[in-house]
Structure formats: C-alpha cells, structure tokens
Amino acid sequence: MNVEQPRLGRRGTLVLLIVLGAFPPLTMDLYLPALPHMADTFGTSHAMINLTLGAYMVAFSVGMLFWGPLSERTGRKPILFTALAIYIISSLLCALSSSVEGLIAFRTVQGLAGGGVTVVGTSIVKDMFDGREREKVMATVMSLVIIAPMVAPVLGAFLLKVASWHAMFVVLALFACVAGGLVMLYRETVEEKSTAPILKSWNRLGVVLKNPHFAYLLLLFSLVPMCLTAFLGSAAYVYIDGFGMSEQTFSFIFAFNAVCAAFGPTLYLRLSRRLPVQSIILGCFLVVIVTGGHDVVDRGAIAVDVCRTGRHDDHRCDHCACAGGKPVAGSADKRHRLCGGPDPVQRHHDGRGGGADRVRQCP
C-alpha cells in the first residue's frame with residue numbers, strides 16, 4: 001500500500017472499501033419490493049413512485065462529478081464525512097416523508113451524497129494501490145460488493161413484512177453511520193492536495209467528452225445499464241402486481257438475478273481466452289435484445305389474454321377493456337377495487353396486497 005493504515009490495517013481497509021462500494025446497490029435495491037405498496041400509500045401512480053428511483057440515479061451521477069474533483073483539493077476524509085452526514089439526514093427525511101413529492105426531493109439529495117461516497121471510495125483505491133495490486137483490490141471489492149444486490153431486496157421484503165417502507169430508509173441511515181465509524185479510523189490518503197481552481201477540474205470533463213472514441217464507448221456501454229434501470233423501475237410491478245407474487249417471492253427472484261450477474265465477469269474471463277473481445281460484446285448485446293424482445297411478446301400475450309378471459313389485475317381496472325370493468329365507488333383500498341359488473345368476483349385479501357388476492361374477474 002502506498003499509504004499505510006495503522007488503525008484499519010489491510011483487512012479493515014478492504015472492509016471500508018466494500019462498505020463504500022455497497023451504497024449504490026443498497027440504496028436502490030433495498031426498497032424495490034415496497035414500490036407497489038408505496039404507490040398505494042401515497043395514492044399516486046407508478047410513474048411518480050419511479051421518480052424516486054430516477055431522481056436518485058441522476059443525482060448520483062451528478063454527485064460523482066461534483067465530489068470527485070473537490071476531494072482532490074480538500075482530501076478524501078472531509079468529503080466522506082460531509083457526504084455521509086448529508087446521506088444520513090436525507091435518509092431520515094425520506095423515512096419521515098408524508099408526500100411523494102417530498103420523497104422525490106429527499107431522494108435527490110440522497111443521490112448527491114451517495115455519489116460522493118462512491119467516487120471517493122474509488123479514489124481511495126487509486127491513492128493506495130498501483131498496477132497489478134490495484135486490479136486485484138478492485139476485483140476483490142467488486143466481487144464482494146455484488147453480494148449487496150442479492151441481500152438488499154430480501155432484507156427489504158422482510159422489513160416490509162415486520163414494519164413498513166419507512167424502516168428501509170432508517171436502515172440506510174444506520175448503514176451510513178457504520179460507514180462513518182470506519183471513516184473515523186481511516187487515515188487520509190491524499191498527500192499532495194491539488195491547488196488548481198476547482199472550475200478548471202470540472203472543465204476537464206468537457207475535454208474528455210469531446211474525445212470521439214471515449215464518447216462512443218460511453219454511449220455503447222451505457223445501453224445495457226439503461227436496460228437494467230428500466231428493469232429496476234418496472235420489475236416490482238410486473239412480478240407483484242402483474243404476476244400476483246408476494247413481496248418476499250419477488251425479493252428472492254431479484255436476488256437470483258443478482259447471483260446470475262455475479263457469474264458474468266467469471267464467464268467473460270474464460271471466454272476471452274478463446275474468443276475475441278468484440279465477439280463476446282456483440283454476443284452479450286444479442287442476448288439482451290433477444291431476451292428483451294421475448295419479454296415484450298409475453299407481456300402482449302398476457303394483455304390479449306386479459307381481455308379475452310376477463311381476468312385482470314385490479315390496478316388496471318381503470319383501463320380494462322372488458323365490458324363493465326370499472327372500479328366500484330367507495331372502495332376502502334385502491335389496490336382492492338372491484339370490477340363494477342353484474343357479478344364481480346372478490347377474493348379474500350389480507351390488506352397488504354400480496355399474492356393472488358389482486359386477481360379480479362370481470363363479468
């Protein structure tokens with residue numbers, strides 16, 4: 001290590017880097033099982049709830065660009081303390097939100113702070129390690145960080161079962177407190193701080209973007225994360241509302257997706273020994289296109305079957321094409337509205353909206 005960590009040691013430093021790297025998947029994936037329930041709690045649309053995800057992601061990206069150059073002037077430790085403090089406060093404000101607009105605003109602040117935590121964590125690796133050792137440390141950190149998206153939705157579903165979605169943001173605040181405790185043991189790794197104007201550092205980002213090769217690769221490799229983001233924003237509604245699964249079942253399916261993603265780097269390393277890198281990338285894009293197209297076909301078939309058989313999810317009562325498919329006025333819970341036909345079928349439900357209780361039958 002270029003800078004020794006007498007209080008953390010090598011293992012403690014790895015733990016710190018893993019914790020800092022786990023912020024993005026935990027902050028995004030922990031509350032995914034609660035998205036449909038939150039839409040009902042606030043009495044708003046799925047699109048508004050999804051803005052809590054989109055606002056976080058945009059703010060997270062901006063935060064990385066803002067805090068990164070700033071940490072070169074002030075050092076890593078002050079930025080970490082500042083970003084973690086903002087993250088803790090915004091997480092608690094998210095938990096106390098009484099409106100979806102307030103939640104979106106606080107998630108935006110949370111994203112700005114989360115971007116600072118993540119970019120500084122990556123910068124610490126650059127400060128402390130060189131060459132092959134840096135590659136090994138990054139590989140170790142990323143292989144362990146991948147556990148976060150496996151655990152986060154399962155923990156979120158458990159919290160939703162024993163408490164409510166508010167508890168998820170309290171857990172995020174507590175996690176940031178743990179990270180703050182580790183940062184207190186961390187020794188500053190920026191030995192020579194930058195004296196260049198901060199605006200000049202930010203202007204360099206524009207110079208990089210003007211490089212056509214970089215811009216092309218940036219656009220190319222942004223396509224798959226865009227697909228992943230679309231999946232994050234719709235998965236809970238598809239599995240829980242569309243397929244009638246419980247929040248716990250959805251969390252296990254999401255965790256399985258994360259397990260499969262963990263095998264991606266290993267598979268790439270093995271294939272790259274025998275196949276050109278360009279062929280592997282093209283093959284991966286082809287898989288994404290084929291599987292995504294298959295999902296679109298399946299969703300279309302389900303929609304056709306809904307109107308043919310008259311069975312549908314009550315969230316879609318307002319838009320059902322079946323005759324008489326209008327919600328009954330005065331229903332206590334928007335999630336459990338009935339079709340207003342001559343003989344609508346009402347199944348038993350537990351008031352939480354889990355499982356097959358959402359299925360209703362048009363007359």
Side-chain angles (χ1 to χ4, degrees), residues 18-19 21-39 46 49-50 52-53 56-57 139-163 165 167-168 171-172 175 221 223-271 280-281 283-299 301-302 313 315 352-359:
I18 292 167
V19 169
F23 270 81
L26 279 179
T27 311
M28 288 191 294
D29 299 344
L30 184 67
Y31 81 127
L32 288 182
L35 291 181
H37 184 68
M38 292 170 68
H46 295 170
I49 292 296
N50 280 355
T52 63
L53 275 173
Y56 173 86
M57 294 175 184
T140 302
V141 171
M142 295 309 298
S143 63
L144 293 175
V145 166
I146 200 69
I147 297 175
M150 302 178 195
V151 176
V154 178
L155 176 60
F158 172 77
L159 291 173
L160 187 62
K161 189 174 183 179
V162 300
W165 63 267
M168 300 176 185
V171 169
L172 290 176
F175 181 76
F221 289 105
L223 296 176
V224 173
M226 288 170 64
C227 296
L228 175 61
T229 303
F231 171 75
L232 292 176
S234 61
Y237 306 114
V238 172
Y239 285 110
I240 297 175
D241 288 341
F243 296 146
M245 294 181 178
S246 66
E247 287 83 357
Q248 287 71 34
T249 303
F250 162 72
S251 69
F252 289 127
I253 292 176
F254 193 91
F256 176 73
N257 288 337
V259 171
C260 293
F263 286 106
T266 303
L267 182 61
Y268 166 77
L269 290 175
R270 293 190 177 185
L271 291 176
I280 298 174
I281 295 175
C284 291
F285 272 108
L286 181 61
V287 171
V288 172
I289 293 171
V290 171
T291 53
H294 183 269
D295 179 67
V296 171
V297 172
D298 281 350
R299 292 294 298 276
I302 291 172
D313 179 282
H315 267 297
R352 292 294 298 268
D357 55 11
R358 292 187 184 79
V359 179

Could you tell me whether the side chain of L35 reaches within less than 4.5 Å of the side chain of W165, counting heavy atoms only?
-> no
Closest heavy-atom pair, A22 versus F175, reported as atoms and distance to 0.1 Å, is CB-CZ, 4.2 Å
Atom pair CD1/CE of I253 and M245 - distance to nearest 0.5 Å | 3.5 Å
State whether the number of non-hydrogen atoms from other residues, nucleotides or ligands found under 6.0 Å of F256 atom CZ is greater than 12.
-> no
Pairing residues for S251 by the side-chain hydrogen bond (donor to acceptor under 3.5 Å, both in side chains) criterion, not counting sequence neighbours = none
For A148 and P25, the nearest pair of non-hydrogen atoms, with its separation, is CB-CG, 3.7 Å
Non-hydrogen side-chain atoms of P149 and D29 separated by less than 4.5 Å | yes
For residues I240 and P36, report the shortest heavy-atom separation together with the two atoms involved.
-> CD1-CG, 4.1 Å
Are any non-hydrogen side-chain atoms of L53 and Y31 less than 4.5 angstrom apart?
-> yes
How close do V171 and L159 get, heavy atom to heavy atom, and via which atoms?
-> CG2-CD1, 3.6 Å
Decide yes or no for V151 and V154: does some side-chain heavy atom of the first lie under 4.5 Å from some side-chain heavy atom of the second?
-> no
Under 3.5 Å donor-acceptor, E247 side chain and A157 backbone = no
For the atom pair CG (L223) and CZ (F285), what is the distance rounded to the nearest 0.5 Å?
-> 5.0 Å
Distance (rounded to the nearest 0.5 Å) between L155 CG and M150 CE | 15.0 Å
Test ring-ring contact (aromatic ring centres under 6.0 Å, His included) applied to Y56 - qualifying residues, sequence neighbours left out | F60
Less than 4.5 Å apart, any side-chain heavy atom of M168 and any of L160?
-> yes
Compare all side-chain heavy atoms of Y239 with those of T249 and state whether any distance is below 4.5 angstrom.
-> no
Correct closest heavy-atom pair for A163 and A167 would be CB-CB, 3.9 Å
If you measure from CG on L32 to CG on L30, what distance do you get to the nearest 0.5 Å?
-> 8.5 Å
